[in-house]
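Some notes on the structure that comes next.
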Amino acid sequence: WLRALWLLLVGFSPLSLGTQPQSSLKIEGDITLGGLFPVHSRGPAGVPCGEIKREKGIHRLEAMLYALDQINSDPDLLPNITLGARILDTCSRDTYALEQSLTFVQALIQKDNSGVRCSNGETPIIPKPERVVGVIGASGSSVSIMVANVLRLFAIPQISYASTAPELSDNSRYEFFSRVVPPDSYQAQAMLDIVKAMGWNYVSTLASEGNYGESGVDAFVQISREAGGLCIAQSIKIPREPRRGEFDKIIKRLMETSNARGVIIFANEDDIKRVLQAAKKANLTGHFLFVGSDSWGAKSSPIEDQEEVAEGAVTILPKRASIDGFDQYFTSRSLENNRRNIWFAEFWEDDFKCKLTRPGIKYDPDRRKCTGEERISRDSQYEQEGKVQFVIDAVYAMAHALHSMHMDLCPGSMGVCEKMDPVEGRMLLQYIRSVNFNVFLQTTGSAGTAVMFNENGDAPGRYDIFQYQMSNVSNPGYRVIGQWTNHLRLNLEEMQWSGGDRKIPESVCSFPCEPGERKKMVKGVPCCWHCELCDGYQFLLDEFTCDMCPFDMRPLKNRTGCRPTPIIKLEWSSPWAIIPVFLAILGILATTGVITTFVRFNDTPIVRASGRELSYVLLTGIFLIYLITFFMIAEPSAGVCTIRRLLLGLGMCISYAAMLTKTNRIYRIFEQGKKSVTPPKFISPTSQLIITFILISVQLLGVFVWFGVVPPHTTIDYDELKPPNPEFARGILKCDMSDLSLILCLSYSIVLMITCTVYAIKSRGVPETFNEAKPIGFTMYTTCIIWLAFVPIFFGTAQSTEKMFIQTTTLTVSMSLSATVSLGMLYIPKVYVIIFHPEQNVQKRKRSFKAVVQAATVSTRLSQKVNDKQNGESKMEPDRSQ
């Protein structure tokens, strides 16, 4: 079956069995190792190979040659055994590398030569093809995967120095594959930790098509999804064979989510360079913040001529030690002493920008001719490529495994014994997985990190973190800013960005909400949100929720919490209080003056004729009406609220009860006189007082029942003054009296007032020389007008922000006006006569009840006759019998 597979593979290969490829480097030795290096870049369509790769190709290849030299000269490692090599160029293309790698397995194919004869009929002597015991490489993960699938069939162990795709950790599929670099799953974790350390939560990913790029991005996306807190704006794949303008389209796509300035890039050098070129072409220098994988590392070739765009790029590279011995070795290479490297002449031309005269190569007159005296590092720029140490580690790992195998299988034997000829691949794999050593190069004293493998053939994760810096540094270039060994150690203070800025740029979908704003998440994108202000009386409960403040609180200005709502009351200095107080003071002074006058002239005819007893009661009521103003404005307390309830309706009740008793007495007297000369009952002063106090007691009873049901207390009303803007919200300290309870408190007095008005209307025809009916009537008419005006003002301000103030002022002013009308109509004229016209304050001739009634009757008849005369009826002479 192996032969069938071989024939199948050869059918797709340009190589024929038994022939050596032209693009291979051969080093003779007792044991041969294979080597796979991207000496050339991928060629354009139809051409397998392109330009030579100085760093990734020649540097790495020379590192293997250098390691072989060091091992072969080491008396303690594989003594008396020389390691050889067959090194192939993969041209950075997986399919081409597969074709080249068939060279490694041809010695394992059993070929049937029974039908082959020489011209003389003898059996030909066919040289045995070299046997490769293990392969160093490849570089790209896609190349390693392709080659590993073939080497696995022939049990040839493989150690890669640069392939980091997580897929290669699958020991069931790639059991013969090992690597001295950690897989991208570690690298992805390190890159995620870097992104989070910089405070980014919204990034795009960019991957070269193939196992390395796609697997790296997949690992990053998977780990970020499991960790949470990071969203991927876009995942863009760079095609293997990009068309013209492809990279310009990629930059345009990245700008569709321009907030995602961070770009996680798993791509090969060529793609990285072309991405940077496209960004520069789009005038986006400094916009994108690249976080590059180890394929970028600390290489100068991807950023050549694109330094401004690459400034600030954070890259990652497996932790390595610079091999000083290699620097000495490589810088000493020349055309004369390095003829074993068949690609060195091509490297020489590219490195020194000159042209050698070689057979079959046409001389280019535009390029200077190479002299051969040029020297690396002196006449060209040189920096050790980042994977050189790992190439050396891979070669040494193979050598240590062979050494341990030789010690176990060939103890005391000089050279390769029969048990190791041929080397059994599966056994060698076990020795490879068991190695644990530090590379120590005797010639230089340079020590690397420990080389070991886990059960999947992976090296432990150890990374150096670099940043490309140009500003504020003497030598622009990559600077180590941190490390990652299972956890991140990043020196943020040493980082700098475009233009030398030290502040870490932001790469977020949505910026943090302002204080008092909640996050409204965008569906399906946990890192993106819209900020909504907590409005009204809401505050920010948590970053996603607004909640209402308690009823007695309002939100802080930044809405991060709640604060107590200020408590207010009607102040004495308020304009709403000054006017009622002024009127009340005037009324109290006037009432006091009237009472004093009446007391002083208590026995004079005018005072006695006005009904002294009821007058004092009525004046007391008027005084209380004025007095209630002060309690309505005073700061509410249990005592003040008690007095408010008691006096609010009591003053009016006393006043109108007294006036009602007076008008009722007059009405009954003259109605009775029309029927008989017998005076009606209960018209004596004592009876009048009893009737008045009975009427007043109804009010007092209602108030005391109210006291028992709902004891007086204060309350703070937070709903009355609660405008849309909470800054103007206030709690109003007031007595626990609703508008309805206030009207009910006054309702009895209003009933008395209306009843008194009715009697005043009925008594309007009684001569004024005999009673106070008409003054009381005018008083009640005016009072009714005042209270009719009061009702719409009081209830029309229910929605006003100053409702309490307006209603208190309206109520107190209305009460003061009604008291003033009563005082002015009933008593001011009497006081005027008493003080200014005392000659009129004399006793008049007394008349009996009968005479009074007769006079009233005559007066009524006269009125009727006048009316009849006006209507055209017969004239009648007035009765002058008075």
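It should be emphasised that the depicted structure is a prediction, and the values quoted were computed from it without experimental measurement.
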Exercise. So do C531 and C513 have their SG atoms closer than 2.5 Å?
Worked result: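 C531 pairs with C513 as a disulfide (SG atoms under 2.5 Å apart), so yes.
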
For this session: Report yes if the SG atoms of C231 and C509 are separated by under 2.5 Å, and no otherwise.
Result: no

Given side chains that start at C-beta, do those of [X] and [Y] come closer than 4.5 Å, heavy atoms only?
X: C745; Y: W706; answer: yes
X: L583; Y: Y626; answer: no
X: K503; Y: W497; answer: no
X: D736; Y: T714; answer: no
X: W576; Y: T812; answer: no
X: L627; Y: L624; answer: yes
X: V703; Y: Y748; answer: no
X: S816; Y: T629; answer: yes

Exercise. For residues 644-659, which residue pairs qualify under side-chain hydrogen bond (donor to acceptor under 3.5 Å, both in side chains), counting only residues two or more places apart or in two chains?
Worked result: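 Not a single pair qualifies under side-chain hydrogen bond (donor to acceptor under 3.5 Å, both in side chains).
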
Just by distance, do the side chain of [X] and the backbone of [Y] share a donor-acceptor pair under 3.5 Å?
X: W200; Y: A260; answer: no
X: R261; Y: P505; answer: no
X: S510; Y: C528; answer: no
X: K830; Y: L826; answer: yes
X: R554; Y: P726; answer: yes
X: T661; Y: I691; answer: no
X: D542; Y: T545; answer: yes
X: S822; Y: S818; answer: yes

For this session: Could you check whether the rings of Y832 and F836 sit parallel, tilted or perpendicular, using 30° and 60° as the cut-offs?
Result: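 Geometry flag for F836 against Y832: tilted rings.
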
For this session: Evaluate the ring planes of F598 and Y616, with Trp represented by its six-membered ring, and classify them as parallel (under 30°), tilted (30 to 60°) or perpendicular (over 60°).
Result: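 F598 vs Y616 ring planes: perpendicular.
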
Rounded distance (nearest 0.5 Å) linking atom [atom1] of [X] with atom [atom2] of [Y]:
X: S814; Y: M652; atom1: OG; atom2: CE; answer: 9.0 Å
X: I633; Y: T808; atom1: CD1; atom2: OG1; answer: 8.0 Å
X: I654; Y: M659; atom1: CD1; atom2: CE; answer: 12.0 Å
X: D552; Y: R563; atom1: CG; atom2: CZ; answer: 13.5 Å
X: I643; Y: F630; atom1: CD1; atom2: CZ; answer: 13.0 Å
X: H713; Y: S637; atom1: NE2; atom2: OG; answer: 13.0 Å

Problem set entry | Whether over 12 other heavy atoms sit under 6.0 Å from I579 CD1 |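 No.
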
Exercise. Counting only heavy atoms not in F544, do more than 12 sit closer than 6.0 Å to its CZ atom?
Worked result: yes

For this session: Please assess Y827 against S615 for the test side-chain hydrogen bond (donor to acceptor under 3.5 Å, both in side chains), listing each intermediate value before the final yes or no.
Result: CA-CA 9 Å; Y827 294 106; S615 291; 3.2 Å; yes

For this session: Check step by step if side chain to side chain contact (heavy atoms under 4.5 Å, CB included) holds for R730 and I567.
Result: CA-CA 6 Å; R730 298 292 184 270; I567 309 300; over 6 Å; no

Exercise. Salt bridge check: are E514 and K519 linked by an N-O gap of less than 4.0 Å?
Worked result: no

